[in-house]
Amino acid sequence: MIRTRCDRTPAWGLLQAAYQSTGQYFDTREAFAQDPARFGTFSQEAPYVFADLSKNRIDAATQGLLLDLARQSGVESHRDAMFAGAKVNATEQREVWHVLLRNPPLAPVEYAQAAAEFIAIEQAKVHATLDAITDVVNIGIGGSDLGPQMAVLALDAFATTGKRLHFVSNVDGHELAAKLPHLRPESTVFLIASKTFTTIETMTNAASAKQWFASQGGTDIARHFAALTTNVAAANAFGITTTFGFWDWVGGRYSLWSAIGLPLAIAIGAAGFREFLAGAHAMDEHFRTAPLESNLPVRLGLLDVWYRNFHGFTSRSIAPYHSALRRLPAYLQQLEMESNGKRVDASGEALPFGTSPVLWGEPGTNGQHAYFQMLHQGTDVVPVEFVAVKKARHTLAGHHPMLLANVLAQAQALMVGKADMGGHKHFPGNRPSTFLLLDDLTPASLGALIALQEHRVFVSGSLWGINSFDQWGVELGKVLAKDIEPRLASGDSSGLDGSTAGLLARLRS
Ligand code: F6P
């Protein structure tokens, strides 16, 4: 695998020149006027997802240069290395092999065993109690929370087992304390989800849940507590004997496909979970085999780099027009910003260009009545990614056409603008957006949508020459919190900066 950082390729200089000469003046409305076939040229079919890219500031020449950039940077061989199980996460000396979890025939024997165990819930270790169980509480944070929570909500219409799923992530005791009064120990299962089984928030919440369980007369920990972890020994030491394992080659934010997906498997059943994996696998195959010019994750990743590094756009807004996708923005925040929020390349050299954009958003149509004002008329251009679903799974008259009309209208308004009124009523238009369309929100299409997002993040990270699979930036705060916690009791502020010392004193007063 030979990787060349994007700014060290011939295509980079050509793209800079293209931006200077035409790219910065590109007007999507003119592009449509000149090319009636633009919608076809700049749209892309992929498994379960249709993407309209035509409202973006891109033409065929730029697209060609971006594809050259991908080839010259070695994105294809980097991708192939990931799929082949190379240690592409070099700073942690780990494979990045979550794609294997979606492709059971290729999986190693121990995966096949564990997958059979957790996917086939009826045979799973928690099964003995599941019948009598009404509430399943997932205690985990980051990748051990955002993925399963997002997916359980998204696939609510496919819930087969009738269990109430709860998610507790924050170390703020208000979260767990608010749930406990509504639970009964004999009908609750706690899933302690932590890849490392060391994360302080999760360990603290797990310990409190265990205490509560005992205080309420709960006795059978083996039946009411299960651990989803790579660190089975630590789970055992904590007193949990029912464990669902996975491996260090599954990154935290890529772990939804592993035992961390158990809440989803419980909610939608084994067959639904298999469909979810199959949808993701279909997208993997698309990413692995489609030519770059018709490869959707590649096209999205290239666009991300074009906007971030040439246009200088610093954020991207995600607008899912489906209330079941309301946690998608939070999930994608971790995926994008923990993966690509890096200031050095894979060899540790400081980067001379920007990397991860700020990702943010809310479900439509709520965002329209909050921050879309800024998207339409603010001073910054923010590319928007709309996600819409053709089919509704409710029967309330009129709602779905209205929802779809709104998502189309927002994308249209951003691009077309309105020039015939001046001043406050002027809409500049030419504001870029991408439109992702699913026929239906199903386990398979959700799997494909998530895999698409994983791979587009891979593509931009690959171009930027960074390691998208470590997260050293979260460590310092963890270490400092450990130092500060005893100071809250002792009041010792020696060695602290003036602000932290001042706040500590105020908190103790
Ligand atoms: O602190 C960041 C992080 O390591 C994430 O990458 C991860 O998803 C999260 O914490 C939770 O980690 P764990 O599953 O090991 O508890």
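Start at 1 with the first residue, then count along the sequence. Indexing begins at 1, ligand by ligand and atom by atom, following the structure's order.
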Q: Please report which non-hydrogen protein atom sits nearest to atom 4 (O) of ligand 1, along with the residue it belongs to and the distance in Å to one decimal place.
A: Lys478 NZ, 4.1 Å
Q.
Quick test: of every protein heavy atom, which one is nearest to atom 12 (O) of ligand 1, and how far off is it to 0.1 Å?
A. Thr199 OG1, 3.4 Å
**Q.** Test: Lys163 and Asp135 ion pair at under 4.0 Å
**A.** no
**Q.** Atoms of ligand 1 close to Gln471 [distance to a heavy atom under 4.0 angstrom, numbered from 1]
**A.** 6 (O)
Q | Atom pair CZ/CG of Arg299 and Asn295 - distance to nearest 0.5 Å | A | 9.5 Å
Q. Do Glu175 and Ser169 come close enough that some side-chain heavy atom pair is under 4.5 Å?
A. yes
Q: Mind checking the CD-CZ spacing from Glu336 to Arg456? Nearest 0.5 Å is all I need.
A: 6.5 Å
Q.
Any carboxylate oxygen within less than 4.0 angstrom of a Lys/Arg side-chain nitrogen, looking at Glu454 and Arg102?
A. yes
(Q) Is atom 14 (O) of ligand 1 touching the protein, meaning some protein heavy atom lies under 4.0 Å away? (A) yes
Q. Ring centres of Phe225 and Phe238 under 6.0 Å apart?
A. no
Q: Check whether any side-chain heavy atom of Val382 sits under 4.5 Å from a side-chain heavy atom of Trp360, and report yes or no.
A: yes
Q: Decide if the gap between the ring center of His224 and the ring center of Phe190 is smaller than 6.0 angstrom.
A: no
**Q.** Nearest-contact summary for atom 9 (C) of ligand 1 - protein heavy atom, Å
**A.** Ile141 O, 3.6 Å
Q) When you look for heavy atoms under 4.0 Å from ligand 1, do you find them on the side chain of Thr196, its backbone, both, or neither? A) both
Q. Of all the non-hydrogen atoms in the protein, which one sits nearest to atom 8 (O) of ligand 1, and at what distance?
A. Gly143 N, 2.7 Å
Q: State the atoms of ligand 1, each with its element, that fall below the 4.0 Å cut-off from a heavy-atom position in Ser144.
A: 13 (P), 14 (O)
Q: Give the single entry among Glu475, Glu338, Met203 that approaches atom 2 (C) of ligand 1 most closely by any heavy atom.
A: Glu338
Q) Just heavy atoms, cut-off under 4.0 Å: does Lys195 contact ligand 1 by side chain, backbone, both, or neither? A) both
Q) Taking both backbone and side-chain atoms of Ser194, is any N or O found less than 3.5 Å from an N or O belonging to ligand 1? A) yes
